[in-house]
Amino acid sequence: MYKIKHVFSAILFMVAAVVVAQDDSTITKEPGHTNQSKFRQMYEEFATPNTYRSASGTPGPDYYQQQADYKMDIELDDKNAKLYGKETITYHNNSPDVLEYLWVQLDQNVRAKDSKSPLRNPSRIAVAYQPATFTKEYMSEPFDGGFNIEYVKDTNGKALPYTINRTMMRIDLPTPLASGEKFSFDIKWWYNIPDHTVDRARSGYEYFEKDGNRSYVIAQFFPRMAVYNDVEGWQNHQFWGSGEFALPFGNYEVNITVPADHILDATGELLNRKEVFSKTMMERYERAKKSYDKPVLIVTQEEAEQAEKGFSEKKKTWKFKAENVRDYGFATSRKFIWDMQAVKIGNKDVMAVSLYPKEGNPLWEEQSTKAVASTLKTYSKHTFDYPYHKAISVHAKNQGMEYPMICWNYGRPNEDGTYSDRVKFGMISVIIHEVGHNFFPMIVNSDERQWGWMDEGLDTFMQYLAEQQFGKENPSVIAPHENYPSRRGAPSKIVPYMSGDQSTLAPIMSNPENVYQLGPNAYGKPATALNILRETVMGPELFDHAFKTYAQRWMFKHPSPEDFFRTMEDASAVDLDWFWRSWFYTTDYVDIGVKDVKKYYVSDKPTPQMEEYIAANNMSPSDLPPLVYLSEESEDGEGKTPSESSQTLNAFMMDNLTSEQRAGVKEPKYFYEVTFEKPGGIPMPLIVEYTYADGSKENVTFPPEIWRKSDKEVSRVMATQKELVGVVVDPKAETADIDTSNNSWPKKAEESDFNKFKQSIQGEN
């Protein structure tokens, strides 16, 4: 008896040793046994938690953020396309540090004549040029659009020394600014407003040759305080053009003077509405505040067309106040049509607003404000109730830009008013995206200059959810049996990018200026990753709670990437180190397939492997205890139950189970070992669809941890009462698998390109 136990233990030890050896070989791939498993902890990548930012992803007990308040007087010179401004900035030092100087951002200097931005990228001779491109590139003087700083003074009128370093300006303080103190100073400036239709400037004007008017969308128009925080100190990355903004919150009082016949809206509450509105506009505005089902026109197309002819020499000042915003923008033109609609968000009303010239109709009147309202509701459901009193969508050619409470959006019909589905859905999508930026990063205030994905990626993910919801709410736009044609978000949409040339890819965790393809990298891939995380890895219930927790923890604060990653795990109890490392820190891709399927039969006869072991250890079969084997060779075991094929098993059941227990046993008739392979670097849940001979199907999802010890391939044994005839991995295309040719067993025959071409020709004929 002792010998049998000893031999059986040796057999078990032998099998365990083989498994461990296989596991070790997959997670120690570099010399020195460095753990390269995707499932290793993220301590190397994450910043160490501290009293400012906790390990759970919450703001720590010593978290702080600075505040910058602005009082501005702005005047637009419509005839010469110039903007003049004077501002008083009050900077509150809430940090524990003493500050010797302040840094101010001068974003318009990216368009200064001596800007280095055009020189940051290499260039080569093109095969051919369009005349307009050639003229601009080689025969034109650069536009002079940088800030002209007239003075920087303290509030007593004394000049302050300052140094301009391209798009940043350092202001040297007369005395260091201690913790808890504030400092006020004045800046006077002006600049030439660019035509934003040239080089797609984020801010500027569009000139309408037919009527001689301009439509202005103005932002990044004033010297703005840079962020100082516990992560980097002063934000010191220049504005090159791709990386966007890092800004502190503050309160704004802004007076904007424009021609008297202009229509204007901006960040903040309009304080002198009765002065700038006509009596008719006021009556319409009051109606709009109670209209929840459709927009009310404040300025009609007929009135806007009449105003286009005026070119008033008089001026009008619009006065605004905004609290706790991180930036400021406004739009103005005599061409604007204006409509508004109330939206119930939580226990308060928010105004959904649109401004657009006649060139945007009929599309804009039909869809813009409707899209704004729907976006506010969907985003609020998944994050927090929209806290501001309005959200404005402004029509601007080829534009898509966002600022607190206001954004510019493209989408223009043909001159005869017709438009394609592509134009319609493009416009609705960009409005959803840009209005959605109110949540990320205007409120959840991430550093866009460093981490483009934290606003663009999170917003594009939310955009996908909002688009699908918009489609459900608007049967006149999307038929009930169809889904909204989202351009990004679904797993299949990112496959071309992730399967591309690795030399042109960068991890999501890259600065926006340092990637080759910013759209897929900062928008599409993180949106797809989060969509997969929600639908396939975590499930909507866990994900939605964690995502809302992150949004509410960090609203009106400055989160870092680690704060997001940690909160998602903290609020869900799901270990996601493997997911962040794979999707965000590498350029790996998903490729999982079926490598092999082997059929086995129950037998009492030792397998060849066991016979080799017996011979190698000078043993005989009689030395072994009674064992049941699964063999690839059948001894007339086809279709039999295990107890029918194995006397050993039958004897065990007779000796150890009662007749009632034996009657209740469901004996499988078929045994298979299915081996799955993973040529791709990203581990994902193993989603498998089994098909049986009777036509039935079974779906099983193995957790991603199935790859934790064996990165290249894993096997699963399945025992079933039905014959297996097919295996498919990822049958619903949920994982962004870049190569589906290995996803099936039996392997599906791929049709040749020639046959596909021949069929297409035959189809045309």
Side-chain angles (χ1 to χ4, degrees), residues 75-84 108 111 129-145 190-219 221 256 258-265 299-316 329-339 354-365 368 393-401 407-420 422-424 426-427 430:
E75 182 164 352
L76 170 69
D77 179 352
D78 185 28
K79 288 184 178 180
N80 299 299
K82 296 178 184 292
L83 196 72
Y84 296 86
Q108 288 299 329
R111 298 192 172 276
Y129 298 86
Q130 293 183 348
T133 304
F134 186 88
T135 301
K136 180 182 179 301
E137 189 74 23
Y138 300 114
M139 300 170 63
S140 302
E141 283 291 317
F143 176 74
D144 187 6
W190 67 273
Y191 69 87
N192 296 309
I193 303 173
D195 180 342
H196 73 70
T197 66
V198 178
D199 293 339
R200 295 193 67 181
R202 297 171 187 266
S203 168
Y205 67 81
E206 177 184 0
Y207 179 70
F208 293 84
E209 188 173 359
K210 285 188 176 181
D211 54 56
N213 281 286
R214 292 186 178 96
S215 173
Y216 295 90
V217 287
I218 302 297
F221 64 92
I256 309 171
V258 296
D261 52 359
H262 270 217
I263 294 298
L264 185 150
D265 210 344
V299 176
T300 67
Q301 179 166 333
E302 182 181 8
E303 291 164 342
E305 289 177 354
Q306 184 62 34
E308 287 179 350
K309 306 170 185 177
F311 297 94
S312 175
E313 296 289 336
K314 296 180 180 179
K315 300 177 182 180
K316 186 183 290 185
F330 68 92
T332 181
S333 177
R334 60 179 59 86
K335 291 178 64 66
F336 281 152
I337 303 163
W338 202 358
D339 70 46
S354 293
L355 288 169
Y356 45 96
K358 66 178 185 296
E359 286 78 6
N361 266 344
L363 179 58
W364 273 69
E365 188 172 322
S368 176
S393 169
V394 184
H395 175 92
K397 184 178 181 180
N398 296 335
Q399 274 283 15
M401 270 308 299
C407 57
W408 341 133
N409 302 300
Y410 56 77
R412 182 167 294 178
N414 302 317
E415 286 193 23
D416 63 1
T418 61
Y419 54 85
S420 64
R422 182 174 179 272
V423 170
K424 177 181 67 176
M427 186 204 80
V430 74

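The chain is numbered in sequence order, starting from 1. Please read these numbers as outputs of a predicted model, since none were measured by experiment.
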Salt bridge (charged side-chain N to carboxylate O under 4.0 Å, His left out) involving [X] - partner list, sequence neighbours excluded:
X	answer
K316	none
E206	R412
E305	none
D211	K335, K358

Residues that [X] engages under ring pair (Phe, Tyr, Trp, His ring centres under 6.0 Å), provided they are two or more places apart:
X	answer
Y191	F147
F330	F221
F134	Y129, Y138

Could you tell me which residues satisfy side chain to side chain contact (heavy atoms under 4.5 Å, CB included) with [X], sequence neighbours excluded, listed by chain and number?
X	answer
S312	A260, D261, K314
S215	F208, S333, F336
K210	E415
K309	Q306

S203 side chain to V217 backbone, donor-acceptor under 3.5 Å: yes

Whether R214 side chain and D78 backbone form a donor-acceptor pair below 3.5 Å: yes

Smallest separation among heavy atoms of I193 and Y216, with atom names: CD1-CE2, 3.8 Å

Considering all heavy atoms, the nearest I337-A304 contact: CG1-CB, 3.8 Å

Lys/Arg-Asp/Glu bridge criterion (N-O < 4.0 Å) met for E359, K397: no

Whether Y356 and W364 hold their rings parallel, tilted or perpendicular, with breakpoints at 30° and 60°: tilted

Residues which pass side-chain hydrogen bond (donor to acceptor under 3.5 Å, both in side chains) with R111, listed by chain and number, not counting sequence neighbours: none

